[in-house]
Amino acid sequence: MPVILAIESSCDETSASVCADGVILSNVIANQTIHEAYGGVVPELASRVHQQNIVPAVQQALLNAKVNKNDINAVAFTRGPGLLGSLLVGVSFAKAFALAKNLPLIEINHMQAHVLAHFIGDHKPSFPFLCLTVSGGHTQIVLVKDYFDMEVIGQTTDDAAGEAMDKTSKILGLPYPGGPLIDKHARQGDPDAYKFPEPQIPGFDFSFSGLKTAILYFIQNNVKANPNFIQENLNDICASVEKRIATILLNKLKKAADEYGIKDIALAGGVSANTGLREGLLEMGAKNGWNCFIPKLEYCTDNAAMIAIAGYHKYLKGDFVGQDIAPLARMPL
Ligand code: KG4
Ligand code: ZN
């Protein structure tokens with residue numbers, strides 16, 4: 001029964017998790033509020049806060065799991081992709097812990113881990129399945145053939161879906177990260193109040209930069225006519241933007257599902273926490289006879305539980321790395 005300690009530090013969440021025999025016993029996430037004032041993650045500040053949070057997060061994860069550090073069998077960590085300084089903190093901690101306790105190290109690709117979050121719990125998709133992985137830095141349709149055999153069949157050619165959410169919220173004067181706030185306001189608004197364009201991109205690829213520009217001009221023009229336009233219509237604007245982003249994502253997902261003849265369809269990544277996207281997938285799934293898989297909210301945004309479950313499956317394969325391992329800012333699937 002392998003007990004795995006997992007560390008995630010790729011962006012602005014410091015997270016530690018303990019899993020025993022593929023069951024998550026704890027998942028501690030320390031969020032960083034310091035970036036709110038800057039409208040986005042400041043890499044240097046993120047690294048410094050990881051440095052402060054990593055030891056308490058691991059201690060809390062062990063405590064919550066009721067596991068002694070001497071009972072750990074392996075240490076899994078996010079190697080990339082992500083902010084290099086942030087990754088360095090997690091990788092260095094994992095290496096030091098493994099060295100001190102003479103444990104094997106398991107490197108994890110953060111984007112694979114988002115997909116593998118679906119193997120936490122009992123409701124698991126069957127291979128092959130399609131996963132729409134939507135986060136602050138990535139937007140991908142992934143053909144998942146096996147735990148570590150994944151192919152990106154479509155991706156964004158410019159901004160990620162989460163970036164589109166965050167940039168829109170910035171235009172609206174909301175703090176970072178804007179995705180959860182757009183979601184909150186959208187619940188009170190009319191999704192058909194305003195129509196934003198759906199880009200025509202070939203294949204299964206996405207583009208969000210045109211939408212971002214359309215939103216910017218729309219807001220600028222309306223604020224010129226009425227300086228209170230945003231305050232008076234915030235809920236409707238958020239609902240309409242959210243609906244457009246969700247339909248762009250879901251229409252491509254449907255195209256891929258039809259072409260590949262796959263009915264097990266999953267969502268992953270921070271934007272999969274979005275209410276409109278989750279409801280949209282379920283609606284589309286019901287119409288098309290799909291088995292839909294949507295992670296619990298705590299496994300959508302960055303967390304170490306997904307690193308732990310990915311680590312468990314690598315542990316079973318005996319897939320370990322040495323102390324000479326280094327983080328990677330870019331790391332293909
Ligand atoms: O996966 P994640 O936590 O970090 C990255 O790997 O990027 O994703 C973060 C992204 C941010 O852009 C954030 O605004 C977005 O996920 N997000 C949401 C929601 N919760 C987080 N977007 C829309 N609705 C949400 N409820
Ligand atoms: Zn992520």
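When reading the values below, keep in mind they use all heavy atoms of this one structure, side chains included, and skip hydrogens, waters and symmetry mates. Every number for a ligand or one of its atoms is a count from 1 in the order of the listing.
Centroid-to-centroid, the aromatic rings of Phe119 and Tyr312 stay 6.0 Å apart or farther. In summary, the aromatic rings of Phe129 and Phe293 are positioned with their centroids too far apart to meet the 6.0 Å limit.
Protein atoms of type N, O or S found under 2.8 Å from the Zn ion (ligand 2) total 3.
Of the protein's non-hydrogen atoms, Asp166 OD2, 2.6 Å is the one closest to atom 12 (O) of ligand 1. Distance from atom 4 (O) of ligand 1 to its nearest protein heavy atom, with residue and atom name: Asp302 OD2, 3.1 Å.
If you look at His114 next to ligand 1, the close heavy atoms, those under 4.0 Å, all belong to the side chain. Residue-level proximity to ligand 1 for His110 is carried by the side chain, the only part with a heavy atom below 4.0 angstrom.
Judged by distance alone, with hydrogens and angles left aside, the side-chain atoms of Asp166 form a donor-acceptor pair with the main-chain N or O of Gly179 at under 3.5 Å.
Of all the listed residues (Ala268, Ser169, Gly270, Ser272), Gly270 holds the heavy atom that lies closest to atom 21 (C) of ligand 1. Taking only non-hydrogen atoms, the option from Leu181, Asp183, Ile182, Val134 nearest to atom 26 (N) of ligand 1 is Asp183.
The side chain to side chain contact (heavy atoms under 4.5 Å, CB included) search around Pro191 returns Ala239, Lys243, not counting sequence neighbours.
Within ligand 1, the atoms closer than 4.0 Å to a non-hydrogen atom of Thr301 are 3 (O), 21 (C), numbered from 1 in the order shown.
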